[in-house]
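Read the structure below first, then the notes.
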Amino acid sequence: MSSYLADLMRQYVGGDAHHMRQRFPRVVLRDRETFEGFLDGYTDGDGFRSKRWSGRVLVSGNVAFLSDLAQVLGARFTPRTNGLASHLVVVDGWSSRGAFKAERHPLQLRESCWTQVHEVRLRTTANKPFTLYNYRLEPHPGFLVNGHLVRQPW
């Protein structure tokens with residue numbers, strides 16, 4: 001289930017399963033509120049808020065990711081060359097630089113669509129206190145219903 005959701009998230013935001021090849025997910029540039037949420041989430045996971053000044057430090061070994069993020073923020077970024085993780089400093093007043101440009105990205109996932117029900121057949125079962133139905137899924141063998149993975153019965 002979690003790998004299925006991870007694949008859907010990668011489809012939505014773009015990227016690669018290997019964390020060092022992941023690029024900056026440009027879909028978070030939809031608007032400033034979405035981007036601020038992304039920065040907050042990234043800080044919670046791979047960064048920290050400074051106790052001495054108003055801002056945050058983001059940490060990653062993925063230099064391409066931090067370089068793309070620095071460009072969006074209009075910040076300077078110098079990667080570490082000694083094999084250690086690099087740091088990107090993000091001051092709370094980053095938006096006053098005017099570097100943020102909202103981008104439009106399609107939000108429709110490939111697997112997000114309505115489908116037509118062609119037939120519903122009741123399955124008979126012995127000694128079962130519930131009703132079973134048989135269904136066939138085409139062209140995909142599974143889908144999500146309220147966050148739960150549903151697969152075609154065998």
Side-chain angles (χ1 to χ4, degrees), residues 1-118 120 133 135-154:
M1 176 72 174
S2 62
S3 64
Y4 182 78
L5 290 174
D7 288 342
L8 282 176
M9 285 304 296
R10 273 194 295 280
Q11 176 189 330
Y12 178 64
V13 300
D16 193 300
H18 190 277
H19 71 281
M20 293 302 286
R21 291 189 305 247
Q22 291 177 354
R23 300 298 288 201
F24 175 73
R26 301 201 68 88
V27 70
V28 302
L29 299 178
R30 188 171 166 74
D31 53 44
R32 254 192 69 204
E33 291 171 342
T34 303
F35 184 65
E36 282 283 357
F38 169 77
L39 286 178
D40 290 341
Y42 194 89
T43 302
D44 286 346
D46 289 327
F48 58 92
R49 298 240 8 125
S50 174
K51 293 180 176 146
R52 291 183 266 155
W53 46 274
S54 59
R56 60 189 107 196
V57 178
L58 307 179
V59 182
S60 179
N62 187 338
V63 173
F65 174 85
L66 287 181
S67 295
D68 291 346
L69 180 54
Q71 192 171 22
V72 169
L73 294 166
R76 288 181 300 198
F77 172 66
T78 305
R80 294 186 78 158
T81 57
N82 58 359
L84 299 175
S86 296
H87 298 82
L88 176 62
V89 174
V90 181
V91 296
D92 285 344
W94 66 266
S95 60
S96 65
R97 293 186 181 137
F100 178 81
K101 304 276 189 281
E103 296 179 2
R104 297 295 303 158
H105 293 275
L107 298 179
Q108 194 71 19
L109 295 172
R110 288 189 301 259
E111 295 175 336
S112 175
C113 63
W114 291 97
T115 187
Q116 183 178 7
V117 176
H118 296 283
V120 176
Y133 293 93
Y135 55 89
R136 192 175 59 224
L137 304 172
E138 292 176 1
H140 304 293
F143 57 94
L144 290 175
V145 175
N146 291 334
H148 299 281
L149 181 62
V150 178
R151 294 198 182 272
Q152 182 168 314
W154 297 101

Pairwise distance [atom1]([X]) to [atom2]([Y]) - rounded to 0.5 angstrom:
X: Arg56; Y: Asp92; atom1: CZ; atom2: CG; result: 6.0 Å
X: Arg104; Y: Arg30; atom1: CZ; atom2: CZ; result: 4.5 Å
X: Trp94; Y: Ser96; atom1: CH2; atom2: OG; result: 9.5 Å
X: Leu73; Y: Arg97; atom1: CG; atom2: CZ; result: 7.5 Å
X: Thr78; Y: Leu88; atom1: OG1; atom2: CG; result: 10.0 Å
X: Leu58; Y: Thr43; atom1: CG; atom2: OG1; result: 4.5 Å

| request: Before giving the answer on ring-ring contact (aromatic ring centres under 6.0 Å, His included), spell out for Phe38 and Phe24 the whole-Å C-alpha distance, their side-chain angles and the decisive distance to 0.1 Å. | output: CA-CA 11 Å; Phe38 169 77; Phe24 175 73; 5.6 Å; yes
Would you name the heavy atoms of [X] and [Y] that are closest together and state the gap between them?
X: Leu29; Y: Phe100; answer: CD2-CE1, 3.6 Å
X: Val59; Y: Tyr42; answer: O-OH, 3.3 Å
X: Ser50; Y: Arg52; answer: OG-N, 3.2 Å

| message | What verdict does the side chain to side chain contact (heavy atoms under 4.5 Å, CB included) test give for Arg76 and Val89, after you've listed the backbone C-alpha separation in whole Å, the side-chain angles of each residue and the deciding distance to 0.1 Å? | response | CA-CA 9 Å; Arg76 288 181 300 198; Val89 174; over 6 Å; no
| said: Counting neighbours of CD on Gln71 that are heavy atoms of other residues, nucleotides or ligands and sit closer than 6.0 Å, is the number greater than 12? | reply: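 No, because the 6.0 Å sphere around CD of Gln71 holds 12 heavy atoms or fewer from other groups.
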| query | Quick check: does any side chain N or O of Ser86 sit under 3.5 Å from a backbone N or O of Arg80, one acting as donor and the other as acceptor? | reply |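 Confirmed, Ser86 side chain pairs with Arg80 backbone.
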| query | Ser60 versus Leu66: any side-chain heavy-atom pair under 4.5 Å? | reply |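 Contact flag for Ser60/Leu66 side chains = yes.
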